[in-house]
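Taking it in order: structure first as structure tokens, then the write-up.
Residue numbers start from 1 in every chain, and the chains themselves are labelled A, B, ... in the order their sequence lines are given, proteins ahead of strands. Computed from a predicted structure; not experimentally measured.
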Amino acid sequence: MRTYTKIRQLLARQPLGETVRVAGWVRTRRDTGGFSFIEVNDGSCLGNLQVIADKRLGNYEAGIKRLTAGCSVEVEGTVQESPARGQAVELVAAEIKVVGWADPETYPLQKKRHSFEFLREIAHLRPRTNALGAVARVRSRLAYAVHAFFQERGFIQVHTPIITTSDCEGAGEMFQISTGQPSGGPGTDFFGRRAGLTVSGQLQAEVYALALGDVYTFGPTFRAENSNTSRHLAEFWMIEPEMAFCDLAGNRRIAEELLKYLLDDILAACAEDMELFDRFIAKGLVERLRSVAGQDFAHITYTEAVEELQHSGRTFDFPVRWGIDLQSEHERYLTDEVYRRPLVVTDYPAAIKPFYMRINDDGRTVAAMDILVPGIGEIVGGSQREERYEVLERRMQEAGIDLDDYRWYLDLRRYGTVPHAGFGLGFERLVQFVSGMANIREVIPFPRTPGFAPC
RNA sequence: UCCUCGGUAGCUCAGUCGGUAGAGCGGGUGGCUGUUAACCACCUUGUCGGCGGUUCGAAUCCGUCCCGGGGAGCCA
């Protein structure tokens, strides 16, 4: 096996005079009288490596001069200081091997900007563009940082099931799964009961939290909603910490620490990619994220939010009164106009929240929290869980839930119950927030939306 | 799912009153230059989203379906 130098390392170290071998894809080629400039990108970083290909190279006419965008090459050469502006170093090629051709008549990526809508149609080629490559690197680093944050704090990662037979109220419609050979009614063919793809790992995460203390999940989640928006997917990834001996305040603190940790990390670790987003995707992004990481999140209760909206002097399409769920226009007013930073809203009316959220002492609100961020809206949803057996059982009955299906969940309160809390952080919404990408379909490699799952 | 705006060349778009389709970019060929959104010349490009209807005639008008953007709901 050959070893190659990653262009990221090469551009960072600038090993002048050294002979190195790189491998990647041609972005563009420019010819001069005696030689050609070839821009090679290997995906390790945003920047391309400028390769100098002299016409005396053996395959200059037959190979090098036919190189176009998308061709794959291996280049061996000497690193030298670049005499021209635009790059510090360049690679003077001693040998250029064409590994794979890319017919320029049909290769869809051109050396110009493409719309994200078009790129979405070629999901198999779009990571070769600057923006989508940057998204992939940032996404990967964020995932790494999520694990780092929790592992540093002693959280245990739990792999909650993807196939599940329990719903999580308030989390949307489940995809039903089947082998296609029903034997005892719809959806009962394999597991003997209706099964589906998980809409949340929360209920199972609670099981492990009440054994291991602090746990988190980080996995795919599925919602069979007919949602057609820039912030919804049918398949997405979610991070769900669950902490035993923890109340809503502790929950809120962890969520805020997590988000700030992730922002600090990504700004340092992916500076070049973040600069691209700042310049071409969302002007002022880096400064905005720095400011978010550097100050406390705002916090108001639902009741305070309602009062603030009612006294705003605004007329909303949906009139505000205590008891309604906050609409997008309300959330956007609060985050984008009033607070201009992440806003935590807590203690929502019990009537609009799921059964597992803990009833507050006032009897009419629950210990819930949403974290809303400017431009995107809800990025985190969580709560302290109802740990009192009788209260939970009553809430489940009121919600019309079959208690027999959830005995195991009630048992957690029957045997050694403790106050506990957790939240769900939508990973793609996080990547959106960090990258400034307007549409969630651009921050997951292969988006699944109603009527769309090409590969 | 609802409201709204769109779908024309590989891409981004223009297309008048219903009269038979254009530009820029890309691609090809040649030229020039330590180039880098390269430059200059010439050449190349169509199921006008699908189906049906109105009409002598439809990219254009009507119906319907599909897909996309923006907004809403559902939520992360």
Side-chain angles (χ1 to χ4, degrees), chain A residues 27-39 47-54 65-66 68-70 80-87 90 92 102-122 125 129-130 168-173 199-202 220-240 255 280 316-318 325-332 352-354 370-373 376-382 423-433 438-441 443-444 449-452 454:
Chain A
R27 284 295 177 82
T28 178
R29 190 197 83 234
R30 296 178 294 274
D31 302 322
T32 77
F35 56 98
S36 296
F37 298 97
I38 304 164
E39 300 262 355
N48 301 326
L49 176 65
Q50 176 162 285
V51 172
I52 309 298
D54 193 277
K65 285 207 70 170
R66 288 170 53 217
T68 52
Q80 74 166 30
E81 205 169 326
S82 179
R85 211 170 296 210
Q87 58 284 313
E90 58 192 23
V92 180
D103 181 1
E105 295 277 1
T106 57
Y107 187 64
L109 292 176
Q110 302 170 3
K111 215 185 75 174
K112 63 173 218 169
R113 283 222 231 174
H114 289 292
S115 68
F116 288 121
E117 292 81 10
F118 169 69
L119 292 175
R120 218 177 284 152
E121 295 167 11
I122 46 169
L125 296 172
T129 63
N130 286 340
C168 190
E169 192 199 12
E173 282 298 304
V199 292
S200 166
Q202 179 202 317
T221 309
F222 308 87
R223 305 272 168 94
E225 298 291 339
N226 194 356
S227 295
N228 294 287
T229 78
S230 57
R231 56 192 187 285
H232 289 267
L233 291 165
E235 175 182 294
F236 64 98
W237 288 62
M238 188 155 62
I239 297 140
E240 295 181 286
F280 297 114
F316 296 101
D317 292 340
F318 291 87
D325 209 353
L326 297 180
Q327 305 292 307
S328 281
E329 56 172 341
H330 306 140
E331 296 180 351
R332 203 171 313 120
I352 58 171
K353 289 294 184 183
D370 283 357
I371 299 183
L372 314 173
V373 296
I376 293 173
E378 185 177 349
I379 195 169
V380 164
F423 61 86
L425 167 62
F427 187 55
E428 283 74 18
R429 288 188 184 173
L430 171 72
V431 181
Q432 263 190 290
F433 181 57
N439 197 308
I440 201 166
R441 292 161 184 152
V443 299
I444 187 168
T449 51
F452 188 84

Sequence-aligned protein contact record of nucleotides 28-34 of chain B, with B where the base is within under 4.0 Å of a protein heavy atom and S where only the sugar-phosphate is
S----BB
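Of all the heavy atoms in A/V443 and A/V431, the pair that sits closest is CB-CG1, 3.6 Å. The nearest pair of heavy atoms linking A/L109 to A/L125 is CD1-O, 3.4 Å. The nearest pair of heavy atoms linking A/E329 to A/F318 is OE2-N, 2.7 Å. In terms of heavy-atom proximity, A/G381 sits nearest to A/D370 at CA-OD1, 3.7 Å. Shortest non-hydrogen contact noted between A/W237 and A/E428 is N-OE1, 2.9 Å. Annotation for A/Q87 and A/S82: closest pair NE2-OG, 3.0 Å, computed over non-hydrogen atoms.
Residue A/A438 is the one, among A/A438 and A/A234, whose nearest nucleotide of RNA chain B lies closer to the 5' end (criterion: closest heavy atom).
By the stacking rule of 5.5 Å between ring centres and under 30° between planes, A/F236 stacks on the base of B/A76.
Spacing of P atoms, B/G73 relative to B/C3, comes out at 16 Å, to the nearest Å. B/G53 and B/G71 are spaced 33 Å apart, taking the C1' atom of each and rounding to whole Å. With both ends at atom P, the span from B/G27 to B/G10 equals 15 Å, rounded to whole Å.
With sequence neighbours excluded, the residues forming a salt bridge (charged side-chain N to carboxylate O under 4.0 Å, His left out) with A/D54 are A/R56, listed by chain and number. Applying the salt bridge (charged side-chain N to carboxylate O under 4.0 Å, His left out) test to A/R30 and every residue at least two apart in sequence or in another chain returns A/E39. In terms of the ring-ring contact (aromatic ring centres under 6.0 Å, His included) criterion, A/F236 has no residue partners (sequence neighbours excluded). Contacts of A/H232 classified as side chain to side chain contact (heavy atoms under 4.5 Å, CB included), with partners at least two apart in sequence or in another chain: A/S227, A/T229, A/R429. Scored by the ring-ring contact (aromatic ring centres under 6.0 Å, His included) test, A/Y107 finds no partners at all (sequence neighbours excluded). With sequence neighbours excluded, no residue forms a salt bridge (charged side-chain N to carboxylate O under 4.0 Å, His left out) with A/E240. With sequence neighbours left out, the salt bridge (charged side-chain N to carboxylate O under 4.0 Å, His left out) criterion links A/R231 to no other residue.
Judged by distance alone, with hydrogens and angles left aside, the side-chain atoms of A/E90 form no donor-acceptor pair with the main-chain N or O of A/Q80 at under 3.5 Å. The closest donor-acceptor contact from the side chain of A/T449 to the backbone of A/N228 lies at 3.5 Å or more, if one exists at all. A donor-acceptor pair under 3.5 Å is formed between the side chain of A/R223 and the backbone N or O of A/V199.
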Please list, for nucleotides 5-8 of chain B, all pairs of protein and nucleotide N/O atoms separated by less than 3.5 Å.
none

Using nucleotides 44-50 of chain B, report all nitrogen or oxygen pairs with the protein that are shorter than 3.5 Å.
none

Please enumerate all protein N or O atoms sitting under 3.5 Å from an N or O of nucleotides 11-13 of chain B, with distances to 0.1 Å.
{"from": "B/C11", "atom 1": "O2", "to": "A/K112", "atom 2": "NZ", "distance (Å)": "2.6"}
{"from": "B/U12", "atom 1": "OP1", "to": "A/S115", "atom 2": "OG", "distance (Å)": "2.7"}

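Nucleic acid contact class of A/R332 (heavy atoms, under 4.0 Å, all strands): sugar-phosphate only. Using a 4.0 Å heavy-atom distance criterion, A/R441 is classed as a sugar-phosphate-only contact. Among the protein residues, A/E39 comes within range of the nucleic acid bases, having at least one heavy atom under 4.0 Å from a base atom. In this structure, A/L233 reaches the bases: a heavy-atom distance under 4.0 Å links it to at least one base atom across the strands shown. Using a 4.0 Å heavy-atom criterion, one finds that A/D317 contacts no nucleic acid atom at all.
Here the CG atom belonging to A/L372 is positioned 12.5 Å from the NE2 atom belonging to A/H330, to the nearest 0.5 angstrom.
Closest to the A/K111 side chain, of the nucleotides B/A37, B/U1, B/G73, is B/A37. Nearest nucleotide to the A/S328 side chain, out of B/A38, B/A76, B/A72: B/A72.
Checking the phosphate oxygens (OP1, OP2) of B/G69, a side-chain nitrogen or oxygen of A/R120 falls inside 4.0 Å. For A/N439 and B/G69, the shortest distance from a side-chain N or O to OP1 or OP2 is below 4.0 Å.
Secondary-structure stems of RNA chain B, taken as three or more successive Watson-Crick or G-U wobble pairs (i with j, i+1 with j-1) under a 3.5 Å distance threshold, comprise B:1-7 with B:66-72, B:10-13 with B:22-25, B:26-31 with B:39-44, B:49-53 with B:61-65.
Taking only distance into account, the side chain of A/R223 meets the base of B/A76 through a donor-acceptor pair shorter than 3.5 Å. Evaluation of atom-type donor-acceptor distances gives no pair under 3.5 Å for the side chain of A/S227 against the base of B/C75.
When the C1' atom of B/A76 is taken as reference, atom NZ of A/K353 falls 11 Å away, rounded to whole Å. The distance between atom CG of A/D325 and atom P of B/A72, rounded to the nearest whole Å, is 14 Å.
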